[in-house]
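A short worksheet on the structure shown next.
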Amino acid sequence: MAPYESDDAVGAAHEEAARDGAPGSGRRRAARYAVPVAVVGVAAATIGLVPALADSGDPDLPKITAQQLVEKMAKSDVQRLSGTVKITTDLGLPDLGGLEDGLLSGADHGGSGDGSSADPRSRLTELASGMHTLRVAADGPDRQKVSLLERGAEYSLIHDGKDVWGYDSKSNEVYHSTAAGTGAERRAEPPATPKDFADEALKAVDDTTSVTVDGTAQVAGRDAYKLLIRPRQSGTTVGAISIAVDAKTWLPLKFTLTPRSGGSAVVDAGFTQVSFARPAASTFDFTPPKGAKVTEEKDTAARTPAPKHGEDLAGGLGGLDVLGKGWTSVATVDTGAKGGLPTGSQGGDLGGFLGSLGDPVSGKFGKGTVFSTRLVNALITDDGKVYAGLVTKETLVKAADAGK
């Protein structure tokens, strides 16, 4: 099937249908920075995506334009589903002999604010690297469940009405919080399905982006259209984003992000099995097992809630600015930490170790170190500024120079 080129109406249609997103161009750019800003915050890895096993043979479906497909995706309102999702993330981080996994998982899952291995704020960072299998279920805005399957163990996050439960079967620990608000405001599910990531990708669609329909596919036994998103700008590390969209429900079934440098996907997300029947009510029932250690979130109101979208994350980091436009824009924040990487009697070894993972650079901004992955580059300058983006090292340095 020949691709159908997009026009400006594609971005407009999506923005109109997704009214909970911000209309301004600055917020669209901020949404794009869900990835680079989060990477700076948690060691370059807060993307969690998923490889679906596509069935052989492309279905013969009626022709559809990119604008029509985006509109149908935006209006899709699937309230009930259950299924299995596989997640693979390959940022190309250096092999640190297990240190990478320890950092990303919050120091063996115990590094959260409440010290519980069942706290989702530490456990869900595991999706940032490697391959994972999830079981997901939803029954409207008040009931969701995500289970992360491990060798001989399982971690589950259950939202049932006002209650949010995290359970780690390996340690037999439970984390409980009470969500405020009603309906969608109480949703506790992490980004665990292709739709979560497709929503963020569509927020980035503007005049720097090409959007086409790139044929059809079968995912988890269902016919789907393939939406292809490509940056028109050079200087970005993003090659293309492919979204397989169910031809009946218009729900994204698979999400794949490939880097401009080539090779395997950086993130690849999709259902291997999915049903749109209502899950059994017992799916969302949870009672702490006998003998389990239960940690209660003591003061929900006093906590800063975990951001649901990129603009929330960006807005929660004081001093965040965005330089440039489109896919080559760069997020920057002044940490106030002068002197760059740690040095001195206590910080020398750490500074040397971190420095060995990056590349020294200099320019009008002064001196600094660039840390690279296959998708995100981040520059830490000696005067305490951080620049990050889905851009090449050269583009990053130019942005830092322009920001002086």
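Nothing here was measured: the structure is a model prediction, and the numbers come from that model. One-based numbering along the sequence shown.
To the nearest 0.5 Å, atom CG of residue L91 and atom OG1 of residue T373 are 5.0 Å apart. Note that the CZ atom of R143 and the CG atom of D160 stand 4.5 Å from one another [nearest 0.5 Å]. If you take NZ on K248 and CZ on R222, they are separated by 6.5 Å, rounding to the nearest 0.5 Å. To the nearest 0.5 Å, atom CG of residue D214 and atom OH of residue Y225 are 14.0 Å apart. Note that OG1 of T283 is 10.5 Å distant from CD1 of I158, once rounded to the nearest 0.5 Å. D168 contributes atom CG, which lies 9.5 Å from atom OG of S156 (distance to the nearest 0.5 angstrom).
For V78, the side chain to side chain contact (heavy atoms under 4.5 Å, CB included) partners are S76, L81, T249, L251, F276, not counting sequence neighbours. Contacts of K226 classified as salt bridge (Lys or Arg N to Asp or Glu O under 4.0 Å), with partners at least two apart in sequence or in another chain: none.
Ion pair K195/D199 flagged as a salt bridge, since at least one NZ, NE, NH1 or NH2 atom sits closer than 4.0 Å to an Asp/Glu carboxylate oxygen. One finds no salt bridge joining D246 and K254 here, because no Lys/Arg side-chain nitrogen approaches an Asp/Glu carboxylate oxygen to under 4.0 Å. Using a cutoff of 4.0 Å between basic side-chain nitrogens and carboxylate oxygens, R135 and E154 are scored as salt-bridged. By the 4.0 Å N-to-carboxylate-O rule, K385 lies close enough to D383 to be salt-bridged with it.
The two atoms that bring D90 and A265 nearest to each other are CB-O, 3.9 Å, heavy atoms only. Smallest separation of non-hydrogen atoms from F271 and V219: O-CG1, 3.6 Å. Closest non-hydrogen pair, A118 versus Y155, comes out as O-OH, 2.7 Å. The two residues L61 and A224 have their closest heavy-atom pair at CD1-O, 3.8 Å. Between R80 and P279, the shortest heavy-atom contact is CB-CD, 4.3 Å. Shortest non-hydrogen contact noted between A399 and V330 is CB-CG2, 3.7 Å.
In this structure, the side chains of V267 and T256 stay at 4.5 Å or more apart for every pair of heavy atoms. Contact of the L157 side chain with the W165 side chain is not registered, since no non-hydrogen atoms from C-beta on lie closer than 4.5 Å. Annotation: side chain of V266 is in contact with side chain of P259 (closest heavy-atom distance under 4.5 Å). Annotation: side chain of K325 is in contact with side chain of T208 (closest heavy-atom distance under 4.5 Å). At least one side-chain heavy atom of L257 sits under 4.5 Å from a side-chain heavy atom of L375. In this structure, the side chains of V386 and L379 stay at 4.5 Å or more apart for every pair of heavy atoms. At least one side-chain heavy atom of P231 sits less than 4.5 Å from a side-chain heavy atom of R260. Contact check for I241 versus I243: side-chain heavy atoms found under the 4.5 Å cut-off.
At a cut-off of 3.5 Å, with distance as the only test, no side-chain donor of T332 or D321 sits close to an acceptor on the other residue. No side-chain donor-acceptor contact under 3.5 Å links D142 and H159. A donor and an acceptor atom, one from each side chain of T84 and T272, are nowhere located under 3.5 Å apart. Of the N and O atoms on the side chains of Q218 and D58, not one donor lies less than 3.5 Å from an acceptor on the other residue. Side-chain polar atoms of Q273 and S275 form no donor-acceptor pair below 3.5 angstrom.
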Verdict with reasoning, H176 to D163, per side-chain contact (heavy atoms from CB on, under 4.5 Å): CA-CA 7 Å; H176 176 246; D163 293 308; 2.9 Å; yes
Derivation and outcome, side chain to side chain donor-acceptor pair (under 3.5 Å), residues S117 and S171: CA-CA 7 Å; S117 68; S171 64; 2.6 Å; yes
side-chain contact (heavy atoms from CB on, under 4.5 Å) between T133 and V85, intermediate numbers included: CA-CA 6 Å; T133 299; V85 172; over 6 Å; no
Verdict with reasoning, I64 to K72, per side-chain contact (heavy atoms from CB on, under 4.5 Å): CA-CA 10 Å; I64 191 172; K72 289 180 180 294; 4.0 Å; yes
Verdict with reasoning, L69 to V245, per side-chain contact (heavy atoms from CB on, under 4.5 Å): CA-CA 8 Å; L69 185 53; V245 184; 4.0 Å; yes
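Residues F286 and Y167 place their aromatic rings such that the two centres sit under 6.0 Å apart.
Counting only distance, with no hydrogens or angles, the side chain of Q68 and the backbone of T65 share a donor-acceptor pair below 3.5 Å. Q144 places a side-chain N or O within 3.5 Å of a backbone atom of G140 that can act as its donor or acceptor partner. Checked by atom type and distance alone, the side chain of T369 never pairs as donor or acceptor with a backbone atom of P360 at under 3.5 Å.
Pairs engaging residues 275-287 under the salt bridge (Lys or Arg N to Asp or Glu O under 4.0 Å) rule: D139-R278 [sequence neighbours left out].
Remark: of the listed residues T237, T209, T395, T209 is the sole one forming a side-chain hydrogen bond (donor to acceptor under 3.5 Å, both in side chains) with W327.
Open room surrounds CZ on R230; 12 or fewer heavy atoms of other groups in view lie less than 6.0 Å from it.
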